[in-house]
Protein chains: 2
Amino acid sequence: MFKALSNPHRLALFYRLMNCCTPGTRCGMDETRRFCVGELHEGLDIAPSTLSHHLKELHRAGLIQMERRGKHVDCWLEPEVLIQLSHFFKPD
Amino acid sequence: MFKALSNPHRLALFYRLMNCCTPGTRCGMDETRRFCVGELHEGLDIAPSTLSHHLKELHRAGLIQMERRGKHVDCWLEPEVLIQLSHFFKPD
DNA sequence: ACTATATTTCGACATGTTTCGAATTATAGG
DNA sequence: CCTATAATTCGAAACATGTCGAAATATAGT
């Protein structure tokens, strides 16, 4: 997981998905709070193929979920992942 | 920081320093709960020069502290770092 | 001063990662 | 079935990282 987050572009993508939900809402469930690949691409200045590669890495690491929805592919982040990660750094 | 933790050897080193303290104790302050470089080397199957390189990276990332104490160099982890990291993954 | 131990620096090489463009697959809508 | 749009796969080049051994530095004790 840390390896997946070690790249600036991937961290930016993760961060974006992390902050797309109103606190307490489950991103994955609420389909209005998902980003498709194209939306995540905005403002990133990398080729589509590079974006695709990075999203695949994030998915492989178990950090994000992906699902095709027509022409688009939606991406979201399960809140469990955040809990798991924050618990790794025990205190608080 | 995630880049520093992205390497298995560095993550192992960090994890070791993370769990060297009784909960609630400040590792840096309690000098009996520090590891010197040599102690951290045990069980890691890498050359001393490689270990040195990895510790330098962890230090550069602000993850660990280092201080020479005679022939040895002590390493420890400030609890603030753990708080900072766990807060990045908001929930909880 | 000399020696032994602990750690770091340096240079080199092998391995991995990031990136792109071109070609490919997937899907929706005429 | 053809076209346009969205996204992925593939292969190649550029770049970064991990690793080691040899040499250098640091320190304590003789």
Side-chain angles (χ1 to χ4, degrees), chain A residues 1-18 20 27-28 31-78 85, chain B residues 1-18 20 27-28 31-78 85:
Chain A
M1 282 179 161
F2 296 135
K3 197 169 173 177
L5 294 176
S6 73
N7 175 278
H9 287 142
R10 284 197 298 267
L11 184 59
L13 290 164
F14 180 83
Y15 197 75
R16 207 141 158 190
L17 289 172
M18 191 170 115
C20 75
C27 300
E31 285 165 19
T32 64
R33 301 312 264 138
R34 291 182 181 178
F35 283 122
C36 73
V37 174
E39 288 169 330
L40 287 169
H41 195 189
E42 286 166 26
L44 263 196
D45 200 31
I46 52 174
S49 55
T50 305
L51 172 66
S52 191
H53 165 70
H54 283 320
L55 290 173
K56 197 170 151 193
E57 289 294 304
L58 286 169
H59 181 67
R60 239 170 39 90
L63 288 170
I64 68 169
Q65 306 301 123
M66 304 180 80
E67 192 175 72
R68 187 168 271 276
R69 191 169 279 277
K71 268 196 291 194
H72 301 266
V73 170
D74 282 354
C75 303
W76 72 96
L77 193 153
E78 295 287 356
L85 279 164
Chain B
M1 283 180 160
F2 296 134
K3 197 168 175 179
L5 293 176
S6 73
N7 175 276
H9 287 143
R10 284 197 298 267
L11 184 58
L13 290 164
F14 180 82
Y15 197 75
R16 208 144 159 187
L17 289 172
M18 192 171 114
C20 75
C27 299
E31 286 164 19
T32 63
R33 302 311 267 133
R34 292 181 179 179
F35 283 122
C36 73
V37 174
E39 287 168 332
L40 287 169
H41 195 191
E42 285 166 27
L44 263 196
D45 201 30
I46 52 175
S49 56
T50 305
L51 172 66
S52 189
H53 166 68
H54 284 319
L55 290 173
K56 196 169 151 193
E57 289 294 305
L58 286 169
H59 181 67
R60 239 169 40 91
L63 288 170
I64 68 169
Q65 306 301 122
M66 303 179 80
E67 192 175 72
R68 185 168 274 275
R69 191 170 280 277
K71 270 196 290 193
H72 301 267
V73 171
D74 282 354
C75 304
W76 73 96
L77 194 153
E78 296 286 356
L85 280 164

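Quick caveat: nothing in here was measured; it's all calculated off a predicted structure.
B/His72 has its NE2 atom 10 Å from the P atom of D/dG29, to the nearest Å. We find that CG of A/Asn7 is positioned 18 Å from P of C/dG16, with the value rounded to whole Å. Summarising the geometry, the separation between CZ on B/Phe2 and C1' on D/dT17 is reported as 20 Å, rounded to the nearest angstrom. Taking atom NE2 on A/His9 and atom C1' on C/dT17, their separation rounds to 13 Å, with Å as the unit. Separating the CG atom of A/Asp74 from the P atom of D/dT8 is a distance of 11 Å, rounded to the nearest angstrom. Rounded to an integer number of Å, the gap from NZ of A/Lys3 to P of D/dT17 is 13 Å. At whole-Å resolution of the value, CG in B/Leu44 and C1' in C/dA6 are 17 Å apart. If you take CG of B/Asp45 and C1' of D/dC20, they are 12 Å apart, rounded to a whole angstrom.
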Report, as a single string ordered 5' to 3', how protein heavy atoms within less than 4.0 Å touch nucleotides 21-29 of chain C: B base, S sugar-phosphate only, - not at all. BB---SBS-
Apply the test side chain to side chain contact (heavy atoms under 4.5 Å, CB included) to residues B/Leu85 and A/Leu85: give CA-CA distance (whole Å), side-chain angles for both, the deciding distance (0.1 Å), then the verdict. CA-CA 9 Å; B/Leu85 280 164; A/Leu85 279 164; over 6 Å; no
Working note: B/Glu67 + B/Arg34, criterion salt bridge (Lys or Arg N to Asp or Glu O under 4.0 Å); need CA distance, chi angles, decisive distance, verdict. CA-CA 10 Å; B/Glu67 192 175 72; B/Arg34 292 181 179 179; 3.5 Å; yes
Assess whether side chain to side chain contact (heavy atoms under 4.5 Å, CB included) is satisfied between B/Leu77 and B/Phe35, documenting all intermediate values. CA-CA 10 Å; B/Leu77 194 153; B/Phe35 283 122; over 6 Å; no
A/Cys36 vs A/Val73, side chain to side chain contact (heavy atoms under 4.5 Å, CB included): CA-CA, chis, key distance, verdict: CA-CA 5 Å; A/Cys36 73; A/Val73 170; over 6 Å; no
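Panel note: side chain B/Arg16, backbone B/Met18; no donor-acceptor pair is recorded below 3.5 Å. Side-chain N or O atoms of A/Arg68 include one that pairs as donor or acceptor with a backbone N or O of A/Gly70 at under 3.5 Å.
No side-chain heavy atom of A/Leu5 sits under 4.5 Å from any side-chain heavy atom of B/Leu5.
Contacts with DNA chain D (heavy atom under 4.0 Å) in residues 51-65 of chain A: A/Ser52, A/Lys56, listed by number.
A pairwise comparison of heavy atoms in B/Asp74 and B/Arg69 identifies OD2-CD, 3.3 Å as the closest pair.
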Identify each donor-acceptor pair in which a side-chain atom of residues 45-66 of chain A lies under 3.5 Å from a protein atom, sequence neighbours left out, and give them as a table.
{"residue": "A/His54", "atom": "ND1", "partner": "A/Arg10", "partner atom": "NH1", "Å": "3.1"}
{"residue": "A/Glu57", "atom": "OE1", "partner": "A/Arg60", "partner atom": "NH2", "Å": "3.4"}
{"residue": "A/Glu57", "atom": "OE2", "partner": "A/Arg60", "partner atom": "NE", "Å": "3.4"}
{"residue": "A/His59", "atom": "ND1", "partner": "A/Ile64", "partner atom": "O", "Å": "2.9"}

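Each of A/Ile46 and B/Met66 lies near DNA chain C, and the nucleotide nearest B/Met66 is the one positioned closer to the 5' end.
The shortest distance between the side-chain N/O atoms of B/Arg10 and the OP1/OP2 oxygens of D/dG18 is below 4.0 Å.
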